[in-house]
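I have placed the structure first, in the form of structure tokens, so that the comments after it can refer back to it.
In what follows, chains are A, B, ... by sequence order, proteins preceding strands, each numbered from 1.
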2 protein chains.
Amino acid sequence: MPTNTFYNLEESKRKQIFDACVDEFSLHTFSEASINQIIKAANISRGSFYQYFADKEDCYMYLLSEMVKEKMEMFKDVVGSNENDTVFDEYEAMFDKAIRWIEVKPKYYQIGSKMDMDNSEFIRKLLKGNLASLDYFASLIRRDQQRGIIRKEIDPVILTEMLFSINQKALMNFFYNRDFEGMKKHLHHILEIIRKGSTTEENHV
Amino acid sequence: MPTNTFYNLEESKRKQIFDACVDEFSLHTFSEASINQIIKAANISRGSFYQYFADKEDCYMYLLSEMVKEKMEMFKDVVGSNENDTVFDEYEAMFDKAIRWIEVKPKYYQIGSKMDMDNSEFIRKLLKGNLASLDYFASLIRRDQQRGIIRKEIDPVILTEMLFSINQKALMNFFYNRDFEGMKKHLHHILEIIRKGSTTEENHV
DNA sequence: CCTCGATATGACAACCTTGTCATATTTAGT
DNA sequence: ACTAAATATGACAAGGTTGTCATATCGAGG
């Protein structure tokens with residue numbers, strides 16, 4: 001974690017540094033990101049950087065923790081869900097949240113995708129702890145199986161994986177095209193397939 | 001493309017260099033790959049490298065072209081398909097081929113994934129020309145719609161994208177776990193969902 | 001044997017990177 | 001105003017990167 005010296009800084013300066021980190025890490029992988037770039041953009045000296053952070057990893061951890069804070073702050077109200085919703089409704093709700101997040105903080109989204117592309121030891125470890133929401137969705141699927149909405153034969157984990165990988169692709173699409181309506185339609189179509197299948201009834205044997 | 005000097009080399013030496021390229025580019029992104037590593041592994045001098053290749057890009061293009069050659073060589077016989085097959089059958093056949101490819105040339109698979117992870121101008125351009133098989137699958141889906149196997153409402157392009165993104169994930173899984181049976185089961189389950197849907201009949205409204 | 005074109009070589013320049021550290025400056029307390 | 005601690009700074013070492021180039025070696029034909 002950053003040093004006391006860093007937290008003693010004026011907020012404005014801390015923000016300057018934070019912003020520089022966001023810019024650098026949204027454009028480059030962790031390993032490719034350059035401290036030189038960050039200190040230049042933040043207008044601080046090399047020595048100061050190392051007075052604030054132990055190293056690049058320390059700096060990155062700080063960046064992530066700030067991002068998580070902001071995200072929690074933004075979504076603290078939207079937690080409850082309607083009892084009648086199916087997992088698909090919740091999925092679409094989650095998707096909308098993610099879209100909104102991309103709209104207001106596109107660079108955070110980029111930082112996330114850069115993480116996914118990074119195979120360094122350091123980043124892989126960080127991503128490991130990120131699988132909680134997968135469990136949550138699997139539990140929703142099980143609930144809907146009990147309710148008789150989803151077929152009992154379906155493996156909740158596999159369906160969850162499908163939904164998540166679709167989500168990832170769709171968000172990427174949105175990020176590059178910013179076509180909200182098109183994206184929604186696209187996603188709807190995919191969910192329609194996952195719900196009802198792609199083959200005709202006669203072929204459901 | 002490589003120089004004449006390079007092609008005048010003895011086959012064994014050319015292979016030495018090729019192997020060094022494979023090793024380096026399967027472990028690192030194009031931008032992260034180091035010519036120093038390659039010349040060390042290939043046991044050639046720095047000067048020689050630049051006598052053979054114009055630069056790293058040139059070297060990479062050579063590597064890719066060799067890989068494509070090998071792939072064509074390996075799959076030259078398995079092209080025909082049964083007239084009664086559905087797109088899903090062909091999909092599974094394609095998947096099996098891909099699995100086989102990973103088994104015999106795991107490093108080539110790695111080079112491919114590293115490409116997908118690379119956002120450099122150079123690599124992105126290369127990937128652009130890689131979408132032909134997508135069209136092929138979409139055409140198969142259209143054919144099966146005519147045959148009454150796949151519902152007319154389904155968008156062939158979207159279904160193709162789903163199949164491909166699933167394919168990618170499954171191959172990655174196989175690469176890391178090498179669990180062929182598990183993988184086949186997994187894939188079967190996913191295809192079952194895409195064929196018949198995940199919800200119960202009563203919910204197909 | 002000798003010569004000339006083809007090929008091999010590693011030193012080098014120029015440019016990056018990270019992390020350290022002696023020194024300078026600012027700030028706070030007395 | 002003076003002191004002491006906190007903070008800021010950029011030169012530097014040590015390592016990496018790519019691409020160039022003068023020089024050395026090799027090989028084949030005359």
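- Between B/Lys185 and B/Glu181 there is no salt bridge, since no side-chain N of the basic residue sits under 4.0 Å from a carboxylate O of the acidic one.
- Atoms CD1 (B/Ile35) and C1' (C/dA14) sit 15 Å apart, rounded to a whole Å.
- With rounding to whole Å, B/Lys13 atom NZ is found 11 Å from C/dT9 atom C1'.
- A/Asn36 comes within 4.0 angstrom of a nucleotide base, judged by non-hydrogen atoms across all strands.
- Out of D/dA8, D/dT18, C/dT20, the shortest distance to the side chain of B/Tyr50 is found at D/dT18.
- A/Arg46 places its CZ atom 13 Å from the C1' atom of C/dC21, with the value rounded to the nearest Å.
- Counting only heavy atoms from C-beta outward, the side chains of B/His186 and B/His189 never approach each other to under 4.5 Å.
- Side-chain nitrogen and oxygen atoms of A/Tyr52 include at least one within less than 4.0 Å of the OP1 or OP2 phosphate oxygen of D/dA8.
- Summarising the geometry, the separation between NE2 on B/His28 and C1' on D/dT17 is reported as 13 Å, rounded to the nearest angstrom.
- The residue among A/Ser34 and A/Ala54 whose nearest nucleotide of DNA chain C is located toward the 5' end is A/Ser34.
- Listed pair A/Asn8 / D/dT7 meets the phosphate criterion, a side-chain N or O lying under 4.0 Å from OP1 or OP2.
- Summarising the geometry, the separation between CD on A/Gln51 and C1' on C/dT25 is reported as 12 Å, rounded to the nearest angstrom.
- Between B/Phe122 and B/Tyr60, the ring-plane angle classifies as perpendicular under the 30° and 60° cut-offs.
- Taking atom CD of residue B/Gln37 and atom P of nucleotide D/dT17, one finds them 7 Å apart after rounding to whole Å.
- Under the 3.5 Å distance criterion, with hydrogens and angles disregarded, a donor-acceptor pair is assigned to the side chains of B/Thr86 and B/Asp89.
- When heavy atoms are screened at a 4.0 angstrom cut-off, B/Phe6 is found touching no nucleic acid atom at all.
- Between B/Tyr62 and B/Phe6, the two ring planes are perpendicular [angle over 60°; tilted spans 30° to 60°].
- Across all strands shown, A/Ser48 has heavy atoms under 4.0 Å from base atoms, whether or not it also approaches the sugar-phosphate.
- The nearest whole Å value for the distance from the CG atom in B/Asp58 to the C1' atom in D/dG19 is 14 Å.
- Regarding A/Lys56, its NZ atom lies at a distance of 16 Å from the P atom of D/dG16, rounded to whole Å.
- Proximity of A/Thr5 to the phosphate of D/dT7: a side-chain N or O atom is located under 4.0 Å from OP1 or OP2.
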